[in-house]
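What follows is a set of notes on a single structure, which appears directly below.
Naming convention: chains lettered A, B, ... in sequence-line order (proteins, then strands); numbering from 1 in each chain.
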There are 2 protein chains.
Amino acid sequence: MEKSEVLKIIGQNVKRIRLEKGLTQLDLVGKIKTRIDTTNISRIEKGRTNATIHTLSRISQALEVPLSEICNLGE
Amino acid sequence: MEKSEVLKIIGQNVKRIRLEKGLTQLDLVGKIKTRIDTTNISRIEKGRTNATIHTLSRISQALEVPLSEICNLGE
DNA sequence: TCTTGACTTGTCAAATATGGCAAGTATGGA
DNA sequence: TCCATACTTGCCATATTTGACAAGTCAAGA
């Protein structure tokens with residue numbers, strides 16, 4: 001599976017879960033202890049950036065789902 | 001969960017799965033299309049580096065397990 | 001139309017992941 | 001002991017993520 005495809009799916013997962021929880025990007029960053037910018041959330045959701053596992057881990061904690069759910073590529 | 005703890009668990013997952021498959025780090029990088037250095041594998045397994053999702057994705061493909069398995073933090 | 005909220009995108013500086021190489025450690029076998 | 005294999009670690013250069021801010025887009029509603 002290609003890099004761009006992986007990033008796209010990860011991004012879709014983040015966005016889907018965030019919307020399921022009824023959160024805006026701003027709500028989401030507000031729930032994260034260490035600062036994350038909405039800029040970065042947007043770029044991750046759009047698959048424009050190859051996020052580190054720590055960033056995705058912080059997002060998963062704010063969304064209250066396991067990291068593995070965000071990392072589900074549907075394999 | 002703290003950054004260092006996340007990286008440590010991810011590293012343990014990679015190492016455990018690699019050993020279960022009976023592969024050395026060199027075997028592993030040999031199965032990855034785009035180049036990855038054993039240096040990097042070692043650093044990830046030791047939790048010394050905050051790998052990107054693309055790097056972990058390539059590793060998961062070489063190990064023939066879902067990315068989500070490597071990203072299982074046991075939450 | 002105008003405004004507001006939500007999101008996207010460009011640019012920047014700083015930090016750091018990655019690939020690469022070399023040297024060091026550790027273990028097991030000849 | 002010597003050697004080979006496996007792995008770790010230090011260092012370097014390059015690329016890119018991240019956080020930050022500003023500006024732009026877009027849709028819904030007054």
Side-chain angles (χ1 to χ4, degrees), chain A residues 1-65 67-68 70-71 73, chain B residues 1-65 67-68 70-71 73:
Chain A
M1 187 181 274
E2 251 184 55
K3 177 178 178 181
S4 62
E5 194 179 352
V6 170
L7 302 194
K8 194 171 150 192
I9 295 175
I10 298 288
Q12 288 170 345
N13 288 349
V14 170
K15 182 167 190 170
R16 176 179 46 75
I17 297 167
R18 176 174 64 78
L19 295 178
E20 281 170 8
K21 303 278 179 175
L23 301 172
T24 66
Q25 290 179 353
L26 207 56
D27 293 333
L28 175 59
V29 301
K31 297 187 69 180
I32 300 174
K33 308 106 185 76
T34 49
R35 180 64 58 231
I36 286 194
D37 203 84
T38 55
T39 307
N40 204 18
I41 302 291
S42 180
R43 281 194 270 247
I44 290 168
E45 287 189 358
K46 301 290 277 185
R48 296 196 196 288
T49 206
N50 174 19
T52 63
I53 199 66
H54 177 231
T55 296
L56 294 179
S57 165
R58 282 180 294 165
I59 292 172
S60 77
Q61 285 176 63
L63 291 175
E64 298 172 46
V65 295
L67 174 60
S68 53
I70 287 178
C71 297
L73 300 182
Chain B
M1 186 182 270
E2 250 184 55
K3 178 177 179 182
S4 62
E5 195 179 351
V6 170
L7 301 193
K8 193 171 151 192
I9 295 174
I10 298 288
Q12 288 171 344
N13 289 347
V14 170
K15 183 166 190 171
R16 176 179 47 75
I17 297 166
R18 176 174 64 78
L19 295 178
E20 280 170 8
K21 303 279 178 173
L23 300 173
T24 66
Q25 292 178 352
L26 206 57
D27 293 334
L28 175 59
V29 301
K31 296 187 70 180
I32 300 175
K33 307 104 185 76
T34 48
R35 179 66 56 233
I36 287 194
D37 204 84
T38 54
T39 307
N40 204 19
I41 302 290
S42 178
R43 282 194 273 245
I44 290 168
E45 288 189 356
K46 301 291 277 187
R48 295 196 199 287
T49 206
N50 174 19
T52 64
I53 199 66
H54 177 231
T55 297
L56 294 179
S57 165
R58 282 180 293 166
I59 292 173
S60 76
Q61 285 175 63
L63 291 175
E64 296 171 48
V65 296
L67 174 60
S68 53
I70 286 177
C71 296
L73 301 182

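- Applying the side-chain hydrogen bond (donor to acceptor under 3.5 Å, both in side chains) test to Thr55(B) and every residue at least two apart in sequence or in another chain returns Thr52(B), Arg58(B).
- Taken residue by residue, residues 1-37 of chain A places heavy atoms nearer than 4.0 Å to DNA chain D at Arg35(A), Ile36(A), Asp37(A).
- The OG1 atom of Thr34(B) sits 5.0 Å away from the NE2 atom of His54(B) when rounded to the nearest 0.5 Å.
- The outermost nucleotides of DNA chain C lying under 4.0 Å from heavy atoms of chain B, listed 5' to 3', are dA17(C) to dC21(C).
- Minimum interatomic distance between Ile10(B) and Ile70(B) (heavy atoms only, all atoms of both residues): CD1-O, 3.5 Å.
- We find that NE2 of His54(B) is positioned 17 Å from P of dA15(D), with the value rounded to whole Å.
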How does protein contact run along nucleotides 25-30 of chain D, one letter per nucleotide 5' to 3', with B for base contact, S for sugar-phosphate only, - for none, heavy atoms under 4.0 Å?
-> ------

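- If you check residues 57-64 of chain B against DNA chain D, you find no residue with a heavy atom closer than 4.0 Å.
- To the nearest angstrom, C1' of dG10(D) lies 9 Å from CZ of Arg43(B).
- Judged as a side-chain contact (heavy atoms from CB on, under 4.5 Å), and not counting sequence neighbours, the contacts of Asp37(B) are Thr39(B).
- Within residues 44-51 of chain A, the residues that place at least one heavy atom under 4.0 Å from DNA chain C are, in residue-number order, Lys46(A), Arg48(A).
- Scanning all heavy atoms of the two residues, the minimum distance from Gly22(A) to Asp27(A) falls at O-OD2, 4.2 Å.
- The residue Thr55(B) sits close only to the backbone: its heavy atoms come under 4.0 Å of sugar-phosphate atoms, none of a base.
- Between Asn40(B) atom CG and dT9(D) atom C1' the separation is 13 Å, expressed in whole Å.
- Within the structure, side-chain hydrogen bond (donor to acceptor under 3.5 Å, both in side chains) pairs that include any residue of residues 2-13 of chain B comprise Asn13(B)-Arg16(B) (at least two apart or interchain).
- Taking every heavy atom of both residues into account, Leu28(B) and Ala62(B) meet most closely at CD1-CB, 3.5 Å.
- Residues meeting the side-chain contact (heavy atoms from CB on, under 4.5 Å) test with Gln25(A), sequence neighbours left out: Arg18(A), Thr38(A), Ile41(A), Ser42(A), Glu45(A).
- Comparing the start and finish of the helix from dT1(C)-dA30(D) to dA30(C)-dT1(D), five pairs each, the helix axis swings through 30°, to the nearest 10 degrees.
- In this view, Ser60(B) satisfies the side-chain hydrogen bond (donor to acceptor under 3.5 Å, both in side chains) rule with no residue, not counting sequence neighbours.
- Of all heavy-atom pairs spanning Val29(A) and Leu26(A), the tightest one is CG2-O, 3.2 Å.
- To the nearest 0.5 Å, atoms CD (Gln61(B)) and CD1 (Ile32(B)) are separated by 9.0 Å.
- Across every non-hydrogen atom of Leu63(A) and Leu23(A), the tightest pair is CD2-CD1, 4.0 Å.
- The salt bridge (charged side-chain N to carboxylate O under 4.0 Å, His left out) check on Lys31(A) picks up Glu64(A), with sequence neighbours excluded.
- Proximity of Ile17(B) to Ile59(B): side-chain heavy atoms (C-beta onward) are nowhere separated by under 4.5 Å.
- Taking the side chain as every heavy atom from C-beta outward, Lys21(B) and Val65(B) approach each other to under 4.5 Å.
- Looking at every heavy atom in both residues, Cys71(A) comes nearest to Ile53(B) through SG-CD1, 3.8 Å.
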